[in-house]
Visitor: 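I'd like to ask some things about the structure below.
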2 protein chains.
Amino acid sequence: MDDDGLSRVFAALADPTRRAILARLAEGPAPVTELGRPFDMTAQAISKHLKVLERAGLVSRGRQGQWRPCRLEVAPLDRASGWIEHHRAAWEDSLGRLEQEIVRIQEGRGHAHD
Amino acid sequence: MDDDGLSRVFAALADPTRRAILARLAEGPAPVTELGRPFDMTAQAISKHLKVLERAGLVSRGRQGQWRPCRLEVAPLDRASGWIEHHRAAWEDSLGRLEQEIVRIQEGRGHAHD
DNA sequence: GCGATAATCAACCCATCGGTTTATCAACCC
DNA sequence: GGGTTGATAAACCGATGGGTTGATTATCGC
């Protein structure tokens, strides 16, 4: 995978187990074993998923005795969502321009270059 | 990769080349060669990227003579962005509940169970 | 100190990814 | 028809991804 930040975030989101972990963390911090409980998967696998999420900046981990509580970090989510929204908006705009273009043509002025 | 829709969308977004292609398509439809022009990459590689985007539902392709014009499809972007926003909102809510909890404790009522 | 629990590290397996090269198909132009 | 251009298909390659087993570290409770 590519090592730029946005790519890491999207790649981290591209796995249902990791999305479920994030969904759980959105309800509040939790230690690793609790995060892994719903899944039919070894603790090591969960640990790997958490490392992916951590490298993407989506979770941060504390240390509290023998537990390593995980917290959701929203900043990368914002950047991801921001990228999507930005380009969706650009698409809407280009649709708008196309509409105007059609209107201009229908008004008999041909394709615009004013 | 997992074959559920959201995973395909996020996986498709997890590559800078594909994001650049989508960014270009947000400005309006384009044939394959034009999409590939900015990249130091064979046409076959671009074709593969487009297939990934198509399987994710992010682009649709027409046929117009020897060209295959590609269009951006926003519906999957909406679903992706929707997933993110939904869980970001859940996180804000849980922060809000935590704040209220703290207020309760500071008011000397201990941790709430009323 | 000792056993149990939380979590990670390391090595390995197999499938998929991103890219290439080579070959093929389809449509245009003369 | 024949050559050129647009686009894809197929086979291959090195790297990475998601999962496992086995061993290791650290902390708790007694």
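Bear in mind the structure is a predicted one, so any value in this text is a computation, not a measurement. Side-chain atoms are counted along with the backbone in the values below, which use heavy atoms only and exclude waters and symmetry mates.
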Visitor: Output all residues satisfying side chain to side chain contact (heavy atoms under 4.5 Å, CB included) with A:Val32, sequence neighbours left out; order by chain, then residue number.
Guide: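 For A:Val32, the residues satisfying side chain to side chain contact (heavy atoms under 4.5 Å, CB included) (neighbours in sequence not counted) are A:Ile46, A:Leu50, A:Arg61, A:Cys70.
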
Visitor: Return the CG to CH2 distance between B:Leu22 and A:Trp91, rounded to the nearest 0.5 Å.
Guide: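 Nearest 0.5 Å value for the CG-CH2 distance: 11.0 Å.
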
Visitor: Please list all pairs meeting ring pair (Phe, Tyr, Trp, His ring centres under 6.0 Å) that have one or both residues in residues 38-84 of chain B, counting only residues at least two apart or in different chains.
Guide: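 Listed once each, the pairs are B:Trp83-B:His87.
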
Visitor: Just the rounded figure in Å: distance from C1' of C:dC17 to CZ of A:Phe10.
Guide: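 Rounded to whole Å, this separation is 18 Å.
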
Visitor: The side chain of A:Ala45 lies closest to which of these nucleotides: D:dT20, C:dT20, D:dA9?
Guide: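 Comparing D:dT20, C:dT20, D:dA9 against the side chain of A:Ala45, the answer is D:dT20.
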
Visitor: When the distance from CG of B:Leu35 to P of D:dT8 is rounded to whole Å, what number comes out?
Guide: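 Between P of D:dT8 and CG of B:Leu35: 10 Å.
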
Visitor: Send over the distance from B:Arg37 CZ to D:dA7 P, rounded to a whole Å.
Guide: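 The answer, rounded to whole Å, is 10 Å.
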
Visitor: List the residues meeting side chain to side chain contact (heavy atoms under 4.5 Å, CB included) with B:Thr33, not counting sequence neighbours, and say none if there are none.
Guide: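 B:Thr33 satisfies side chain to side chain contact (heavy atoms under 4.5 Å, CB included) with no other residue.
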
Visitor: Between A:Arg63 and A:Thr42, which is nearer to the 5' end of DNA chain D once each is assigned its nearest nucleotide?
Guide: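 Closest to the 5' end, via its nearest nucleotide, is A:Thr42.
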
Visitor: Tell me which donor-acceptor pairs under 3.5 Å the side chains of residues 72-82 of chain B have, and how far apart each pair is, sequence neighbours excluded?
Guide:
from, atom 1, to, atom 2, distance (Å)
B:Glu73, OE2, B:Ser60, OG, 2.8
B:Asp78, OD1, A:Arg88, NE, 3.1
B:Ser81, OG, A:Glu85, OE2, 2.6

Visitor: Quickly work out the A:Ile21 CD1 to D:dG18 P distance and round it to whole Å.
Guide: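 Roughly 11 Å, once rounded to whole Å.
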
Visitor: Applying salt bridge (charged side-chain N to carboxylate O under 4.0 Å, His left out), which residue pairs with at least one partner in residues 30-41 of chain A are found, sequence neighbours left out?
Guide: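 Only A:Arg24-A:Glu34 qualify under salt bridge (charged side-chain N to carboxylate O under 4.0 Å, His left out).
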
Visitor: Could you work out, with side chain to side chain contact (heavy atoms under 4.5 Å, CB included) as the rule, every residue matching B:Pro16, not counting sequence neighbours?
Guide: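 For B:Pro16 the side chain to side chain contact (heavy atoms under 4.5 Å, CB included) partners, ignoring immediate neighbours, are A:Asp2, A:Asp4, A:Ser7, B:Arg19.
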
Visitor: Could you run down nucleotides 3-8 of chain C 5' to 3' and tag each one B, S or - for protein heavy-atom contact under 4.0 Å?
Guide: --BSSB

Visitor: Rounded to the nearest 0.5 Å, what's the gap from CD1 on A:Ile21 to CG on A:Asp15? Could you check?
Guide: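 Answer for the CD1-CG pair, A:Ile21 versus A:Asp15, is 8.0 Å.
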
Visitor: What's the CG-P distance between A:Asp15 and D:dT16, to the nearest Å?
Guide: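 Taking atom P of D:dT16 as the reference, CG of A:Asp15 is at 18 Å.
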
Visitor: To the nearest Å, give me how far apart CZ (B:Arg8) and C1' (C:dC17) are.
Guide: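 Interatomic distance, CZ of B:Arg8 to C1' of C:dC17: 16 Å.
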
Visitor: Take the protein atom CG of A:Asp40 and the nucleotide atom P of D:dG18, then report the distance between them rounded to whole Å.
Guide: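 That distance rounds to 17 Å.
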
Visitor: For DNA chain C, report each stem as range with range, ordered by first number, or say none. Use Watson-Crick or G-U wobble pairs under 3.5 Å, at least 3 in a row.
Guide: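 If one scans DNA chain C for consecutive Watson-Crick or G-U pairs, the stems found are C:1-30 with D:1-30.
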
Visitor: Check side-chain hydrogen bond (donor to acceptor under 3.5 Å, both in side chains) between A:Arg68 and all other residues, then give those that pass, not counting sequence neighbours.
Guide: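 Expected list: none.
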
Visitor: What's the CG-C1' distance between B:Asp4 and D:dG18, to the nearest Å?
Guide: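 Distance check: B:Asp4 CG to D:dG18 C1' gives 15 Å.
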
